[in-house]
Number of protein chains: 2
Amino acid sequence: MRMRETRPEGIPEATLGRLHHYRVMLGRLQRAGQQTVSSRKLGELTGASAEVVRKDLSWLGAYGQRGVGYEVEGLLRRLEEEFRPTSPCPLVILGAGNLGAAVAAYAGFDLQGYRVVAVLDSNPARVGHRLQGMVVRHMRDLPQVVQETGVEIGVLTVPAVQANAVAEWCAAAGLSGLLSFSPVQPPAPAPLVVRYVNFAEQLQILRCQLRDSGAHTPERV
Amino acid sequence: MRMRETRPEGIPEATLGRLHHYRVMLGRLQRAGQQTVSSRKLGELTGASAEVVRKDLSWLGAYGQRGVGYEVEGLLRRLEEEFRPTSPCPLVILGAGNLGAAVAAYAGFDLQGYRVVAVLDSNPARVGHRLQGMVVRHMRDLPQVVQETGVEIGVLTVPAVQANAVAEWCAAAGLSGLLSFSPVQPPAPAPLVVRYVNFAEQLQILRCQLRDSGAHTPERV
DNA sequence: TAGATTGTTAATCGATTAACAATC
DNA sequence: TAGATTGTTAATCGATTAACAATC
C-alpha cells in the first residue's frame with residue numbers, strides 16, 4: 001500500500017475552507033484581468049493573513065514565485081484540478097420550502113462545479129410544482145433518484161422535526177454525505193457523513209461577541 | 001476595576017456554539033417532561049462527548065448534581081438567563097429573495113428569542129410585497145428602521161456582488177453586527193462584527209471528507 | 001545587486017481528549 | 001455503603017502566529 005502524493009489526503013479542515021475562498025477570489029481576479037497576486041493581497045481579499053495564505057497554498061505544492069507572487073490563472077487551475085470533479089458534482093435537495101428554493105436558486109453552484117439534479121419533498125401539496133426548471137418529486141422517489149443520477153450528496157432543508165427521519169431515509173437510500181440546515185445535531189445515521197450549517201448558532205455567537213466587545217447595550221438606566 | 005463573576009466574558013467560541021445546541025435540546029426535553037438529564041445523555045443528543053458537555057456547562061457555574069445529573073428546568077433557565085435578552089433580539093433582513101424569505105420564515109426564531117422587525121431590498125420590484133406579514137421596505141430606509149426599532153443585527157441575504165456595498169451601508173446606518181450568507185469574506189467594514197454562514201464552503205469540506213474516507217468514487221474504470 | 005515575496009520551521013495559543021478525585 | 005455522575009486537572013492534538021532563510 002503506497003501513499004498518494006499528488007493529492008495529499010491530510011489537508012486540514014480549516015485550510016479546506018479557506019482554499020474555497022481563495023478559489024472564489026482568484027476567479028474574480030482572473031475576470032478582472034490580474035496576472036499575478038501576492039499572498040498578502042489574497043489574504044486581504046479573503047480575510048486571512050499572508051502567512052496563512054502561503055501555508056494553505058503550500059499544501060498544493062509550491063506554486064508561487066518568490067519576489068513576484070502567484071500566477072492567478074495557474075493557481076486557479078491547480079485549485080480546480082484539486083477540488084472540482086471532472087463533471088459537476090450532483091446534489092439532491094431534500095425539502096422544497098423557502099430554504100430549499102433558496103438553495104436550488106443559488107447562483108454560485110454553476111461556478112463552483114455543482115449541479116442540483118432533483119428537489120424532493122414529502123408534502124403532496126408541493127410535489128409536482130416547478131422549482132428552477134425542475135419538477136419537485138416525492139421524497140419516496142429518493143432511491144430512484146440516487147439510481148438515476150448517481151447523486152451522493154443531499155442538502156437537508158426540511159423543518160427541524162423531520163430532519164432526523166429524512167436523514168435516516170437518506171442513509172437507507174444510499175447517499176454518502178449530507179449538508180444539514182437543521183438547528184440541532186443528533187448523531188449522524190450510520191454510514192453518512194453530515195455537516196451542519198446553522199445560522200441560529202452563528203447568531204448566538206455574534207451576539208456574545210457584541211456583548212463582550214461592549215459595542216452595543218448602551219446601558220440605558 | 002473588578003472582574004464580573006456572574007457572566008464570564010471569556011467563554012470560548014466553540015463552547016458558545018454548543019451551549020446553543022444544549023439549550024435547544026433542553027427545551028425539547030422539558031416539553032417531553034424530563035426532570036433531569038446526564039452529561040452523557042445530553043452529549044448523545046447534541047453530538048458531543050459527556051466530558052465536553054460537563055466542561056461547557058461548568059462555564060455557567062456548577063449546576064449538576066453528582067450521581068444524578070442536571071435538572072432540566074433549572075439548567076434551561078440558567079442558559080436563557082445567560083443568553084436571552086430580556087425582550088426578543090430584533091433582526092433586520094437585508095435582501096428579500098428566496099434566502100431572505102427563508103430566514104424570515106424560520107420557525108426557530110420565536111423559540112430562541114429573536115424577532116424579525118423588518119425586511120429590506122434594493123430592488124423596487126420587491127419593495128411593497130408582503131413577507132411573513134411584513135411589508136418589504138426599500139434598502140434606503142435602513143437608517144430609519146434602525147432608529148425606529150433599535151435593531152443592532154442585520155442578516156445579509158443579498159447576492160454576492162451586492163454584499164460588500166450593503167455591508168458598508170449597514171455600518172453607516174449604525175448596525176453593530178452582521179450575519180452574512182455571502183460566499184466570500186472581504187474585510188468587515190470598520191465598526192461592524194461580521195460572522196459568515198457559508199454552505200458552499202461546508203459542501204467543499206464535506207466532499208473532501210467523503211473523498212478521503214473513500215466512501216464514494218467507486219473507481220469506475 | 002537590492003527589494004520583494006515565497007516556503008518552511010519553531011513557538012504560541014486554544015480546543016479536545018483522557019483520567020480521576022469529589023460527592024450525591 | 002455502592003453506583004453513578006459531576007467538576008477539574010493534565011496530556012494531546014490541531015491551528016495560528018511569528019520568524020527567517022531561500023530565491024526570484
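Chain identifiers are assigned alphabetically (A, B, ...) following the order of the sequence lines, protein sequences preceding nucleic acid strands; residue numbering begins at 1 within each chain.
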Query raised in the report: When we call it a touch if two heavy atoms are under 4.0 Å apart, what does A:Ser39 touch: a base, just sugar-phosphate, or nothing?
Result: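 Here A:Ser39 touches the backbone only, sparing every base.
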Query raised in the report: So, for A:Phe199 and B:Tyr106, is the gap between ring centers shorter than 6.0 Å?
Result: yes
Report summary line: Residue set satisfying side-chain hydrogen bond (donor to acceptor under 3.5 Å, both in side chains) with A:Arg54, at least two apart, ordered chain then number -> A:Ser39
Query - Derivation of the salt bridge (charged side-chain N to carboxylate O under 4.0 Å, His left out) call for A:Glu81 and A:Arg78 - result: CA-CA 5 Å; A:Glu81 174 199 319; A:Arg78 180 74 187 83; 3.6 Å; yes
Requested in this report: Provide the start and end nucleotides, 5' to 3', of the part of DNA chain C that has atoms under 4.0 Å from heavy atoms of chain A.
Outcome: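 In short, chain A contacts DNA chain C from C:dA4 to C:dT9.
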Query raised in the report: Pick the nucleotide of DNA chain C nearest each of A:Ser58 and A:Val68; which residue has the one closer to the 5' end?
Result: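 The answer here is A:Val68.
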Query raised in the report: So which one's nearest nucleotide on DNA chain C is more toward 5', A:Lys55 or A:Gly67?
Result: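 Result of the comparison: A:Gly67.
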Query raised in the report: Which residue pairs satisfy the salt bridge (charged side-chain N to carboxylate O under 4.0 Å, His left out) criterion with at least one member in residues 11-27 of chain B, sequence neighbours excluded?
Result: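 Of all non-adjacent pairs touching residues 11-27 of chain B, those that pass salt bridge (charged side-chain N to carboxylate O under 4.0 Å, His left out) are B:Glu13-B:Arg195, B:Arg18-B:Asp56.
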Query raised in the report: When the nearest nucleotide of DNA chain D is assigned to B:Ser38 and to A:Arg54 on a heavy-atom basis, which residue is associated with the more 5' position?
Result: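 Between the two, 5'-proximity favours B:Ser38.
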Report task. Can you sort out the partners of B:Arg40 under salt bridge (Lys or Arg N to Asp or Glu O under 4.0 Å), two or more places apart, ordered by chain and number? Result -> none
Query raised in the report: Reading DNA chain D 5' to 3', what string of ( ), [ ], | and . shows its pairs, if Watson-Crick and G-U wobble pairs count only when both distances fall under 3.5 Å?
Result: ..||||||||||||||||||||||
Query raised in the report: Can you check whether A:Leu142's main-chain N or O pairs, donor with acceptor, with A:Trp169's side chain at less than 3.5 Å?
Result: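 Pair absent, no side-chain N/O of A:Trp169 close to backbone of A:Leu142.
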Requested in this report: Evaluate salt bridge (charged side-chain N to carboxylate O under 4.0 Å, His left out) for A:Glu71 paired with A:Arg77, printing each intermediate quantity in order.
Outcome: CA-CA 10 Å; A:Glu71 200 217 331; A:Arg77 246 203 317 273; 5.3 Å; no
Would you give me the side-chain donor-acceptor pairs under 3.5 Å for residues 90-105 of chain A, sequence neighbours excluded?
none

